[in-house]
Protein chains: 2
Amino acid sequence: MGLRERKKERTRAELQRHALRLFRDHGYAETTVDDIAAAAEVSRSTFFRYFPTKEDVVLFDDVDPVMERVMHGLPDGTPLLAAVRTVLRESFGSLDDEARALEEVRMELARSVPQIAAILRERNAFAVEQVAGMVGPATGRDPADPEVLLFSGIVLGARHAARARVEAGRAASYVDELDAMLGRLGAGIPLADEPVRARAQSP
Amino acid sequence: MGLRERKKERTRAELQRHALRLFRDHGYAETTVDDIAAAAEVSRSTFFRYFPTKEDVVLFDDVDPVMERVMHGLPDGTPLLAAVRTVLRESFGSLDDEARALEEVRMELARSVPQIAAILRERNAFAVEQVAGMVGPATGRDPADPEVLLFSGIVLGARHAARARVEAGRAASYVDELDAMLGRLGAGIPLADEPVRARAQSP
DNA sequence: AACGCAACTGAGACTTAGTGTCAAAAGAAT
DNA sequence: ATTCTTTTGACACTAAGTCTCAGTTGCGTT
């Protein structure tokens, strides 16, 4: 790995590090791209060469390839739900220390800066199609099959639920919470047959 | 309703109508707020007085109050899943002609302009917390209860799945598709126990 | 009918995100 | 050392979004 490569890597990391720090200390909207660039001692242009938008500097790194790998390592015949649970747990769990630390800061940011929570929720809510693209082939079905899409949607839903718990400060670890949610799915859809009491609404 | 109110209503509708038309004809990014304002014959300032951001001009109108009303009209003891299904079907189904037509344009736009599809997916993916805020009280539980959140997430997931089908051009009516998805949920989580075949991946 | 109040609107200045160009600087290769 | 390529910085430009202020217009009062 040449000097050029290492320098690029360092610049990218610096930009991200300073950005997250500034967001945490002064807020997301209050921090301009100029501020970030100045803190990392590069020009504004350089910032945009590394991150297409200001939001991107906060986003998760791509975990897709890892998930693919874990999926391939599973024994044939594993039930789909269990397979997905394993894939998510393993791939998130296998992040190295640096990535995990970054994740920590991001989560803390998501809790303290509402705007960042919104960004993470919106941008990182990976599309149903993405999950379906994995589930379809694994079960030998069309990714556009309604049941494949519904299953994928449910997995996403569990993800949303887990994030909601973490953002509300009710759960410490996102990975554990997501795992727990997928575990609950093993017993079917919770509360599906629970009777509603229309009158029980509070003001 | 005074003249002022009616005028406001008309201005808002005009802005939205022209915006959607311009987006459809020239694309989302290519249409500036100035263009929209000019077409609706108001000033740029006025546009932002009606819609906080350019994106907002595309978004769904708030259906919350309608949903609340339908929910209250349900007989006590209705199973939760059935209740939610009814609420969604009824509240979307009860839109007046104008709203339904607007909806039609929006869906067409979502299909032809990828950027708008993204906006709808992101912004209108109403938060888990919102659904949980309805489900919680109806079942006499804390909206932060993990099972309440998971159930809410699943409903959202079905919504994502339905939208994916519509966007892919595989389903004509969003309302019907969502209803069908929720119907499928009645039989539990589809494909949960389906065996995966890791080798069955295509390149 | 005229008055004053409050809400709505338009004009325009300003900040910042994001894009594009071009020339200078710095690493890599010969 | 020289040439080639990649990276960078300076700068100009467009458009979104915010803010202020002055002018207008509907609305209730006297």
Side-chain angles (χ1 to χ4, degrees), chain A residues 1-59 109 113-116 118-120 122-124, chain B residues 1-59 109 113-116 118-120 122-124:
Chain A
M1 199 193 217
L3 174 54
R4 208 170 247 164
E5 302 289 318
R6 271 174 293 149
K7 216 170 180 179
K8 259 176 83 170
E9 206 46 52
R10 208 174 51 220
T11 304
R12 168 178 230 88
E14 276 292 279
L15 278 170
Q16 196 163 49
R17 195 171 64 80
H18 283 289
L20 291 177
R21 182 178 57 75
L22 289 168
F23 291 165
R24 171 163 48 79
D25 295 348
H26 308 135
Y28 179 76
E30 288 70 28
T31 305
T32 72
V33 172
D34 278 303
D35 295 339
I36 303 172
E41 296 183 302
V42 295
S43 80
R44 218 176 74 92
S45 320
T46 302
F47 175 93
F48 281 110
R49 211 165 283 115
Y50 282 94
F51 301 97
T53 77
K54 183 180 168 187
E55 296 184 359
D56 283 298
V57 84
V58 182
L59 298 183
L109 264 178
V113 186
Q115 246 172 324
I116 292 190
I119 294 169
L120 284 179
E122 288 167 13
R123 295 283 291 252
N124 197 252
Chain B
M1 199 194 219
L3 174 54
R4 204 169 251 164
E5 302 290 317
R6 270 175 294 150
K7 218 171 179 179
K8 261 175 81 170
E9 207 45 53
R10 208 174 50 219
T11 303
R12 169 178 230 90
E14 276 293 279
L15 278 170
Q16 197 163 47
R17 196 171 63 80
H18 284 289
L20 291 177
R21 182 178 57 75
L22 289 168
F23 290 164
R24 171 163 47 79
D25 295 348
H26 308 135
Y28 178 76
E30 289 70 28
T31 305
T32 72
V33 172
D34 278 302
D35 295 340
I36 303 172
E41 296 183 302
V42 296
S43 78
R44 218 177 76 93
S45 320
T46 302
F47 175 92
F48 281 110
R49 212 165 281 116
Y50 281 94
F51 301 96
T53 77
K54 184 181 168 187
E55 296 185 0
D56 283 297
V57 84
V58 182
L59 298 184
L109 264 177
V113 186
Q115 246 173 324
I116 292 191
I119 294 169
L120 284 179
E122 288 169 12
R123 296 283 293 251
N124 197 252

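Keep in mind that what you see is a predicted model, and the values were worked out from it rather than measured. Residue numbering restarts at 1 for every chain, and letters A, B, ... go by the order of the sequence lines.
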Sugar-phosphate only, base, or nothing, as touched by A:F51 at under 4.0 Å among non-hydrogen atoms: nothing
Exercise: identify the closest heavy-atom pair between B:P52 and B:D56: CG-OD2, 3.3 Å
Nearest non-hydrogen partners of B:I36 and B:L22, listed with the distance: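 In terms of heavy atoms, the two residues are closest at CA-CD1, 3.9 Å.
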Covered region of DNA chain C, 5' end to 3' end, by chain B [heavy atoms, under 4.0 Å]: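 Counting from the 5' end, contacts occupy C:dA6 to C:dG12.
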Start and end of the DNA chain D segment that chain B contacts, any atom under 4.0 Å from a heavy atom: D:dA15 to D:dC27
Interface residues of residues 32-47 of chain B with DNA chain D (non-hydrogen, below 4.0 angstrom):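 DNA chain D contact set from residues 32-47 of chain B: B:T32, B:V33, B:R44.
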With sequence neighbours excluded, residues passing ring-ring contact (aromatic ring centres under 6.0 Å, His included) with B:F48: none
A:F51: ring-ring contact (aromatic ring centres under 6.0 Å, His included) partners, not counting sequence neighbours: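 ring-ring contact (aromatic ring centres under 6.0 Å, His included) check on A:F51 returns A:F47.
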Salt bridge (charged side-chain N to carboxylate O under 4.0 Å, His left out) partners of residues 27-40 of chain A, not counting sequence neighbours, each pair once: none
side-chain hydrogen bond (donor to acceptor under 3.5 Å, both in side chains): pairs with one or both residues in residues 1-14 of chain B, sequence neighbours excluded: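 Only B:E14-B:R17, B:E14-B:H18 qualify under side-chain hydrogen bond (donor to acceptor under 3.5 Å, both in side chains).
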Qualifying side-chain hydrogen bond (donor to acceptor under 3.5 Å, both in side chains) pairs, either residue in residues 36-45 of chain B, two or more places apart: B:S43-B:T46
Worked verdict on A:F23 versus A:V57 for side-chain contact (heavy atoms from CB on, under 4.5 Å): CA-CA 11 Å; A:F23 291 165; A:V57 84; 3.7 Å; yes
Of A:E5 and B:F48, the one whose closest DNA chain D nucleotide lies more 5': A:E5
Check against side-chain contact (heavy atoms from CB on, under 4.5 Å), B:K54 and B:Y28: CA-CA 10 Å; B:K54 184 181 168 187; B:Y28 178 76; 3.6 Å; yes
Angle by which the axis turns from one end of the helix from C:dA1-D:dT30 to C:dT30-D:dA1 to the other, five pairs per end, to 10 degrees: 10°
